[in-house]
Engineer: 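Please read through the structure below; I'll follow up with questions.
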Amino acid sequence: MRIASWNINGVKARLETVLAWLKEASPDVACFQEIKSIDDKFPKAPFEELGYHVETHGQKGFNGVALLSKHPFEEVNRRLPGDEEDEQARYIEGVVAGKTQPLRFGCLYLPNGNPVESEKFPYKLKWMDRLIEHARDTLAREEAFVLLGDYNVIPQKDDAARPQDWVEDALFKPESRARFRTLMNLGFTEAIRATNKSSGIYTFWDYQAGAWQKDNGIRIDHLLLSPEAASILTSTGIDKHVRGWEKPSDHVPVWADLSA
DNA sequence: ATGTCAGCGGTGCGCTGA
């Protein structure tokens, strides 16, 4: 079963690109971020025609996440617990039946957090604290659980082509990286790093300053596996070629195959 | 060379967020 995550940067602007990739990669489960659409305006039909069940959690203009699955959802939950006042649409969770066990997917769009001197950085850190608490509760279920999405965190120097450019950025600040480590230390396995130790593997290239042409990328899209999911991990990939397509997102799809 | 893009409000194109 192939599980994928992709920040698509707008479902309406990216519809043909996203459909082309789904036809090519045919993931069983896909988690999309930055759909930039309210739920009622999300173009579900073309995805359903490809065999997907579609669940969205969107808002007007920005943010928004969607969870697609070829298998029907047994459960869907929207919003990250821990702050009833938080209006930003950044989390959707779904459960599907695997061959031998339920499979739970937490699809997230973690706040960017820039500029760091604004209120956006503490919002990011607070959101990460809530994510850690929700992950801790969910891991206690002892299910195959994949927590995947655009984390907006560069975990290590090796995850950036030019780490020196990011030292003052919310994506690489010690406070962000420390929370990512705390999350990992709950017992997750990071799928890409578990299968590929090389440097120079990225998931995002800025639209500006010829970042793609210079391969000036960063690795910020991650799939975190619970122990039960990690034990059935077989392979992973980053569909880098998609960044070279017409009208690309600035992110590319990342995926993991599970024997489930 | 901070060199781009998407969505909004409202039908121009400056602002916001990334």
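A, B, ... follow the sequence lines: proteins, then strands. Residue 1 opens every chain.
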Engineer: Between residues 168-181 of chain A and DNA chain B, which residues have a heavy-atom gap below 4.0 Å?
Structural biologist: none
Engineer: Under 4.0 Å, counting only non-hydrogen atoms across every strand here, what does A/Arg243 touch: a base, just sugar-phosphate, or nothing?
Structural biologist: nothing
Engineer: Considering only atom P, compute the distance from B/dA1 to B/dG12 and round it to an integer number of Å.
Structural biologist: 37 Å
Engineer: Would you mind telling me which residue lines up with the more 5' stretch of DNA chain B, A/Tyr109 or A/Gln59, judged by nearest nucleotide?
Structural biologist: A/Gln59
Engineer: Determine the Euclidean distance between corresponding C1' atoms of B/dG10 and B/dC15; express it in Å to zero decimal places.
Structural biologist: 14 Å
Engineer: Name the residue closer to the 5' end of DNA chain B, choosing between A/Gly61 and A/His251 according to the nucleotide with the nearest heavy atom.
Structural biologist: A/Gly61
Engineer: Could you pull out all residues at least two apart from A/Arg79 that satisfy salt bridge (charged side-chain N to carboxylate O under 4.0 Å, His left out)?
Structural biologist: none
Engineer: Which value, in whole Å, describes the distance between the P atoms of nucleotides B/dA6 and B/dT11?
Structural biologist: 23 Å
Engineer: Could you give the start and end, 5' to 3', of the contact zone on DNA chain B for chain A, using atoms under 4.0 Å from its heavy atoms?
Structural biologist: B/dT2 to B/dA18
Engineer: A/Phe42: what forms a ring pair (Phe, Tyr, Trp, His ring centres under 6.0 Å) with it, not counting sequence neighbours?
Structural biologist: A/Phe47
Engineer: Salt-bridge test for A/Arg14 and A/Glu34: reply yes if a basic N is under 4.0 Å from a carboxylate O, no otherwise.
Structural biologist: no
Engineer: Looking across every strand, which nucleic acid part, if any, lies under 4.0 Å from A/Lys214 by heavy atom: base, sugar-phosphate, or nothing?
Structural biologist: base
Engineer: We want to know whether A/Gln88 and A/Asn63 form a side-chain donor-acceptor pair, criterion being a heavy-atom distance below 3.5 angstrom.
Structural biologist: yes
Engineer: Taking atom types as modelled, is there a side-chain donor on A/Lys44 or A/Thr56 under 3.5 Å from an acceptor on the other?
Structural biologist: no
Engineer: Using the salt bridge (charged side-chain N to carboxylate O under 4.0 Å, His left out) criterion, which residues pair with A/Arg177? Sequence neighbours excluded.
Structural biologist: none
Engineer: Determine the interatomic distance between C1' on B/dT2 and the same-named atom on B/dA18; round to the nearest Å.
Structural biologist: 13 Å
Engineer: Please, which pairs that meet salt bridge (Lys or Arg N to Asp or Glu O under 4.0 Å) have at least one residue in residues 96-121 of chain A, sequence neighbours excluded?
Structural biologist: A/Glu75-A/Arg104, A/Glu93-A/Arg104, A/Arg104-A/Glu143
Engineer: Donor-acceptor check, side chain of A/Ser176 to backbone of A/Ala170, threshold 3.5 angstrom: yes or no?
Structural biologist: yes
Engineer: Would you mind classifying the nucleic acid contact of A/Ala13 as base, sugar-phosphate or nothing, using non-hydrogen atoms under 4.0 angstrom?
Structural biologist: sugar-phosphate
Engineer: Can you see which heavy atom on A/Val254 is nearest to which on A/Leu223, and at what distance?
Structural biologist: CG2-CD1, 3.7 Å
